[in-house]
Amino acid sequence: MPETTRRADRANGSRYGNRPTMKDVAARAGVGLKTVSRVVNGEPGVTPDTERRVREAIEALGFRRNDSARVLRKGRTASIGLVLEDLADPFYGPLSRAVEEVARAHGALLINGSSAEDPEREQELALALCARRVDGLVVIPAGDDHRYLEPEIRAGVATVFVDRPAGGIDADVVLSDNFGGARDGVAHLIANGHRRIGFIGDMPRIHTAAERLRGYRAAMEDAGIPVAEGWMSLGATDPERVRRATEEMLSGPDPVTAVFTGNNRVTVTVIRVLAEYDRPVALVGFDDFELADLLQPGVTVVAQDAAALGRTAADCLFQRLDGAPGTPERLELPTRLITRGSGELPPAD
């Protein structure tokens, strides 16, 4: 940065000055703007000595190339957006990391944000990313109407949904086998002698919650076990609601002997409630979680591969950006039952 600029910044009491420009670099190196441009963009026609002087000036001034003009010329920003449900949810950590690794391999920057399970916030965030001209979006939907993205998709913003399908539009989506995983988890409890099995899940409007409930019902029906109304509870995953639902299922003359939980947040609350009861209650949870194997007994889970979901969605996105033709795809990844002890407990009565 020129000394005059530094003096002006100090006089104004600011620790931040104006960014150095190519003109500043040219003045310091004693060359023309075109020469600096050639060095910055890796173009030929500059002698080694001149290139050295330019690079020394760049380093001394802390100059960074402004890519805005290049973006306008190429029509691509080398950036993608990721709209998550909740950045604090451990499930989304490996998913986000996988998307970032694929983006990095393609020379792209990942910008992410959380919808906090709010459809309006999801729309606001997705459109804000589009306004910043990201090349594509990976979206974990909070809402069920994504027609607001139609103009962006027509304008060339590649969009892939993950974990849950889009609502109101045809778009690529990458899912786990929520129905099959839940059916397998409940069938495992049935195979271990349980007939009174409770299900505690997320909000019924959420695709994953509805599919896991459907898997629970299918396993019970396959085994010829009628489901009592009090054995099913869907709603917010806050601990108070989940605790109340668990306690109700464990009370009365015919309490459940096993519980299938619809996601990791529900599972953690149910574990805390079960620790307060003298009798053993079997438990299988959808989603693995940290330290599940260290509890006594270890928690049996239906695990989905969050990293594979993110990687597959990002791969699909960049294939579309590279011009891959075809109608939108629905890709479904398998789940895996991990037995650790809690799902193998026999009925207490």
Side-chain angles (χ1 to χ4, degrees), residues 85 117 119 142-144 163-165 167 175-287 289 297 299-302 304 335 337 342-349:
E85 174 200 338
E117 200 61 64
D144 55 8
D163 192 45
R164 308 165 189 173
L175 307 167
S176 290
D177 182 7
N178 294 285
F179 168 78
R183 183 181 57 189
D184 291 346
V186 176
H188 182 70
L189 290 168
I190 294 170
N192 280 280
H194 296 276
R195 294 296 179 270
R196 300 196 303 273
I197 303 170
F199 175 87
I200 305 177
D202 208 333
M203 302 291 288
R205 65 175 176 80
I206 298 174
H207 170 81
T208 51
E211 284 296 284
R212 292 166 194 175
L213 175 62
R214 193 166 70 89
Y216 162 82
R217 285 182 172 279
M220 298 292 274
E221 184 178 348
D222 290 345
I225 303 172
V227 177
E229 189 64 31
W231 293 356
M232 296 176 295
S233 177
L234 280 83
T237 59
D238 65 272
E240 287 186 12
R241 200 283 300 183
V242 174
R243 169 175 283 276
R244 187 166 56 252
T246 308
E247 290 173 345
E248 288 174 358
M249 289 183 188
L250 295 174
S251 63
D254 293 310
V256 299
T257 62
V259 177
F260 182 82
T261 50
N263 64 38
N264 52 9
R265 286 167 291 184
V266 174
T267 304
V268 169
T269 300
V270 170
I271 289 170
R272 291 194 171 107
V273 176
L274 295 183
E276 301 170 4
Y277 283 75
D278 292 333
R279 68 180 185 275
V281 177
L283 172 67
V284 174
F286 205 108
D287 289 333
F289 61 97
V299 182
T300 296
V301 298
V302 176
Q304 46 181 339
T335 58
L337 180 68
S342 70
E344 293 70 61
L345 295 172
D349 55 357

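Keep in mind it's a predicted model, so treat the numbers as computed, not measured.
Sparse packing is recorded around CZ of Arg272, with 12 or fewer heavy atoms of other residues, nucleotides or ligands lying under 6.0 Å away.
Using a 4.0 Å cut-off between charged side-chain N and carboxylate O, Glu247 and Arg244 make no salt bridge. Under the 4.0 Å criterion applied to side-chain N and carboxylate O atoms, Glu85 and Arg265 are assigned as salt-bridge partners.
Here CZ of Arg183 is found 11.0 Å from CD of Glu211. Values are rounded to the nearest 0.5 Å. Distance check: Glu276 CD to Arg243 CZ gives 4.0 Å after rounding to the nearest 0.5 Å. Rounding to the nearest 0.5 Å places CG of Asn264 at 10.0 Å from OG1 of Thr269. Taken to the nearest 0.5 Å, the CZ atom of Arg164 stands 11.0 Å off from the CG atom of Asp144. Rounding to the nearest 0.5 angstrom, the gap separating the CZ atom in Phe179 from the OG1 atom in Thr208 is 15.0 Å. Atoms NE2 and CG, on His207 and Leu175 in that order, are 5.0 Å from each other to the nearest 0.5 Å.
Heavy-atom minimum distance, Arg196 versus Pro255: NE-O, 2.6 Å. The two residues Gly230 and Met249 have their closest heavy-atom pair at O-CG, 3.5 Å. The nearest pair of heavy atoms linking Ile197 to Val256 is C-CG1, 4.1 Å. What you find for Arg195 and Ile190 is that their closest heavy atoms are NH1-O, 3.3 Å. Taking each heavy atom of Leu345 and Pro280 in turn, the nearest pair found is CD1-CB, 4.3 Å. Of all heavy-atom pairs between Pro119 and Ala142, the closest is CG-O, 3.8 Å.
Checked options Val273, Thr261, Val266, Asp202; the residue passing with Val242 is Val266 (criterion: side chain to side chain contact (heavy atoms under 4.5 Å, CB included)). Checking Thr335, Thr267, Val301, Asn263 one by one against Phe286, the side chain to side chain contact (heavy atoms under 4.5 Å, CB included) holds for a single residue, Thr335.
By the 4.5 Å heavy-atom criterion applied to side chains, Ile271 and Leu283 are counted as neighbours. Contact annotation: the side chain of Val284 never approaches that of Val186 to less than 4.5 Å [non-hydrogen atoms, C-beta and beyond]. Side-chain contact between Arg212 and Ile206 is absent, with no heavy-atom pair separated by less than 4.5 Å.
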- Query: Is there a side chain to side chain contact (heavy atoms under 4.5 Å, CB included) between Leu250 and Leu274 once you walk through the steps?
  - Reply: CA-CA 9 Å; Leu250 295 174; Leu274 295 183; 3.7 Å; yes
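Side chain of Arg241 to backbone of Ala236: a donor-acceptor contact under 3.5 angstrom is found.
The aromatic ring centres of Tyr216 and Phe199 sit less than 6.0 Å apart.
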